[in-house]
Amino acid sequence: MALRHLSVKTLFFLGLCQVGRRGFASSPEVREAPKKIAIIGGGIGGTAAGFFLRQEFGPAVKIDVFEAGTVGGRLATENIGGHEYETGGSVIHPLNLHMKHFLDKLSLSPRADVSSKVAIFDGKELTFEESDWFIVNFIRMLWRYGFNSIRMHMWVEGILDKFMRIYQYQQYGYSFSSVEKLLHAMGGDGFLTLFNQTLEEAMLAEGFSQVFLNDVVTPVTRVNYGQSVQISAFAGAVALAGADSGLWAVDGGNKMVCSGLLYHSKAELVPARATTISMKMRPSKTGTVHLEHYNSASNFYEVNYVGESGAAHSMYDIVVVATPLHQGMSDISFSGFSPPIPSHFPGRYHQTVATLVHGLLNVSYLGTTEKPEDFYVSEVLTLENKASEINSLSSLNPVKIPKGYSPSPASQRKVWKIFSSQPLSQQHLQQIFLSWDSVFEKRWLAYPSYSPPNRRTPPFILHDRLYYLNAVEWAASAMEMSAISARNLALLAHHRWYEQTDKINQEDLDTRLRGEL
Ligand SMILES: Cc1cc2nc3c(=O)[nH]c(=O)nc-3n(C[C@H](O)[C@H](O)[C@H](O)COP(=O)(O)OP(=O)(O)OC[C@H]3O[C@@H](n4cnc5c(N)ncnc54)[C@H](O)[C@@H]3O)c2cc1C
Ligand SMILES: *[C@@H]1O[C@H](CO)[C@@H](O)[C@H](O)[C@H]1NC(C)=O
Ligand SMILES: *[C@@H]1O[C@H](CO)[C@@H](O)[C@H](O)[C@H]1NC(C)=O
């Protein structure tokens, strides 16, 4: 289905982006450097924040990363029959430049490529099955949907072209104080509209047909966000880019990027759950608090946490919250802030259950008459209707591809992953599989439940020097989005600390920077 080609312009631009890092930012020494920074959460967002904060603030600052669970967060693997398989975030787009850069820095490599084949299932039968021949797929799509499919790639590419501007802005040290401002800097009012309308509204307005939306676009939003075309058009475009060709994963598992970043940034991992973040006034030399001379440098943040050895607390100059502040994701209370900061922001996270089954597929479940030994489909996407209770069914490759590995047909026992919004019953598994020897289930609160318009997006800045990385997920949730937010917050924290306001929320950066090139 994927037939996107990168423009030469884009590739050239990427080359430019990744040469000549800014190094430690020039800090006009009007103010002492911060001494201690806390990051709450050791997923890709928190560990990337550690990496970029180290880059901005230099080697002296102490950086602590609090992680209550496992480093990697929503990037996780499970061992099945001696091999590890991704259970959470799995694929990375070829134009995700921060993720690529991390791999280079950490001497990790992309996993070897294994060919894949897509089909679409309506709950009874396969309505589309990818052929090995590009031209056959192309003609089929053209026959059924006219130019919709070609135009879709152009539409997504147009959005991606604008999206790519963020890398240049960040390279020049520019940062943004809210999700809306970040989106506006990339794609102007057009991006804010995409953020505030449904994918369906946006695509119908662009002249795509309802049939195409139902048959082709919905299966993609279902596999990537577990939701329909009622998600925001911006998240939808990110989901559609996630159906491009050239997607990759990290050799050995995506979560290795997180542990690598943690190590590289020389941050200290604190294996504990942060419970409360409070604002405290720093007492003056005489031991009194001078309220009349109140300035932001005189307060600090106290992080209370519970680890294996009990409860403790530490003081920090800067804190980055890198976990969603939502029910079921984290329960951090904020004390001493005015206006108060809630533990949970409005909106909820969508449940996606990942069920990994090592077994034999019943190909008849898919309504196909093909013989299992000839059935090589590896990705089954689904239409939205009552008959399809699953969002997707895919054959997984291990995080490390063994030598001589090749895709096997459905007649062989292998690891399948099903995404569904509800856990699958034994009975349901019996319909899909002839037999199995292991079942692993992980219930994720995976990504926001998107329902535009967005009345209020959570802020990046919770308080003076207290930042919230996962606000970005309300634009779209992806590893790269967390990495972009991490870089943005490191720059923002730096500029606000040193009062370099000319690097925050600048308008018309695209035109201005084009002049500089
Ligand atoms: C099933 C699934 C499939 C996905 N597929 C893709 C994909 O193919 N491609 C893609 O790019 N993205 C995908 N995503 C999205 C991607 O995984 C997330 O956007 C990304 O991993 C979020 O990273 P994060 O660091 O911001 O948050 P998280 O990974 O959630 O990290 C937050 C961390 O904070 C910790 N924490 C929470 N509260 C506290 C506390 N009080 N104290 C200390 N620690 C705390 C948590 O334990 C967690 O480790 C998928 C997600 C899921 C669930
Ligand atoms: C395989 O699936 C088909 C169609 O759902 C069903 O009729 C058949 O009984 C299943 N086979 C087994 C062995 O369960
Ligand atoms: C989105 O729409 C809502 C309601 O119509 C409005 O309040 C909000 O300001 C809009 N947000 C953006 C970013 O345009």
Side-chain angles (χ1 to χ4, degrees), residues 41-47 67-93 96 99 108 110-112 114 116 222-227 239 242 247-260 323-324 328-330 349-359 361 378-382 389-402 405 413-426 428-429 432-433 436-448 470 473 477-482:
I44 185 65
T47 56
E67 173 52 61
T70 315
V71 169
R74 276 172 275 167
L75 306 184
T77 59
E78 180 65 21
N79 190 307
I80 298 172
H83 293 283
E84 299 280 327
Y85 297 87
E86 298 284 357
T87 64
S90 55
V91 296
I92 305 168
H93 192 271
N96 284 172
M99 290 302 290
L108 294 170
R111 180 174 71 173
V114 178
S116 65
R222 279 168 67 83
V223 65
N224 284 331
Y225 285 127
Q227 296 164 69
L247 300 178
W248 56 282
V250 180
D251 191 36
N254 296 330
K255 68 179 184 187
M256 287 183 56
V257 175
C258 304
S259 45
T323 172
M329 309 290 286
S330 66
Y349 269 61
H350 182 86
Q351 173 172 277
T352 287
V353 182
T355 309
L356 274 61
V357 178
H358 185 229
L361 185 72
S378 54
E379 295 278 339
V380 180
L381 311 184
T382 60
E389 287 164 312
I390 62 170
N391 291 341
S392 61
L393 163 73
S394 28
S395 156
L396 290 190
N397 300 311
V399 298
K400 249 196 159 8
I401 306 293
Y405 182 89
R413 214 161 258 281
K414 48 182 179 166
V415 178
W416 294 91
K417 177 179 72 182
I418 298 171
F419 279 156
S420 53
S421 57
Q422 293 305 319
L424 298 176
S425 64
Q426 200 73 2
H428 204 148
L429 287 174
I432 306 174
F433 297 96
W436 60 83
D437 38 52
S438 75
V439 178
F440 167 82
E441 180 193 272
K442 173 73 196 175
R443 299 181 191 184
W444 293 106
L445 282 175
Y447 15 66
N470 293 74
E473 285 191 75
S477 175
M479 297 173 228
E480 186 73 4
M481 294 301 292
S482 288

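Hydrogens, waters and symmetry mates play no part in the numbers below; they use all other heavy atoms, side chains included.
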**Request:** May I ask you to test the Asn254-Met256 pair for a side-chain heavy-atom distance under 4.5 Å?
**Result:** no
**Request:** Determine the minimum heavy-atom distance between Lys414 and Ser395, stating which atoms define it.
**Result:** NZ-OG, 3.3 Å
**Prompt:** Does the side chain of Leu393 come within less than 4.5 Å of Lys417's, by heavy atoms?
**Reply:** no
**Prompt:** Does anything in residues 75-92 pair up under salt bridge (charged side-chain N to carboxylate O under 4.0 Å, His left out), and if so which pairs, sequence neighbours excluded?
**Reply:** none
**Asked** Taking only residues two or more places apart in sequence or in another chain, which ones pass salt bridge (charged side-chain N to carboxylate O under 4.0 Å, His left out) with Arg413?
**Response** Asp437
**Request:** May I ask you to test the Gln351-Arg443 pair for a side-chain heavy-atom distance under 4.5 Å?
**Result:** yes
**Prompt:** Which pair of non-hydrogen atoms, one from Leu361 and one from Ile432, has the smallest distance, and what is that distance?
**Reply:** CD1-O, 3.5 Å
**Complete:** For Glu67 and Val71 the tightest heavy-atom approach is CG-N, 3.9 Å
**Message:** Regarding Lys255 and Thr77, do their side chains bring together a donor and an acceptor under 3.5 Å, going by distance alone?
**Reply:** yes
**Prompt:** Do Leu396 and Val415 come close enough that some side-chain heavy atom pair is under 4.5 Å?
**Reply:** yes
**Prompt:** Hey, what do you get for OG (Ser392) to CH2 (Trp416), rounding to the nearest 0.5 Å?
**Reply:** 11.5 Å
**Item:** Test log, rule side chain to side chain contact (heavy atoms under 4.5 Å, CB included), inputs Ile44 and Met99
**Value:** CA-CA 10 Å; Ile44 185 65; Met99 290 302 290; 4.0 Å; yes
**Request:** State, yes or no, whether a side-chain contact exists between His93 and Leu247 at a heavy-atom distance under 4.5 Å.
**Result:** yes
**Prompt:** Could you go step by step and tell me if Phe419 and Ile390 meet the side chain to side chain contact (heavy atoms under 4.5 Å, CB included) rule?
**Reply:** CA-CA 6 Å; Phe419 279 156; Ile390 62 170; over 6 Å; no
**Item:** 4.5 Å side-chain heavy-atom contact, Ser420 and Glu389
**Value:** no
**Request:** Please name the pair of heavy atoms, one in Pro448 and one in Gln227, separated by the smallest distance, quoted to 0.1 Å.
**Result:** O-NE2, 3.0 Å
**Message:** If the condition is ring-ring contact (aromatic ring centres under 6.0 Å, His included), which residues does Tyr225 pass it with, not counting sequence neighbours?
**Reply:** Tyr447, Tyr450
**Prompt:** Do Val353 and Glu441 come within less than 4.5 Å of each other through their side chains, counting heavy atoms only?
**Reply:** yes
**Message:** Using side-chain heavy atoms (C-beta onward) and a distance below 4.5 Å, is Arg74 in contact with Ser477?
**Reply:** yes
**Request:** Check step by step if side chain to side chain contact (heavy atoms under 4.5 Å, CB included) holds for Met479 and Ile92.
**Result:** CA-CA 8 Å; Met479 297 173 228; Ile92 305 168; 3.8 Å; yes
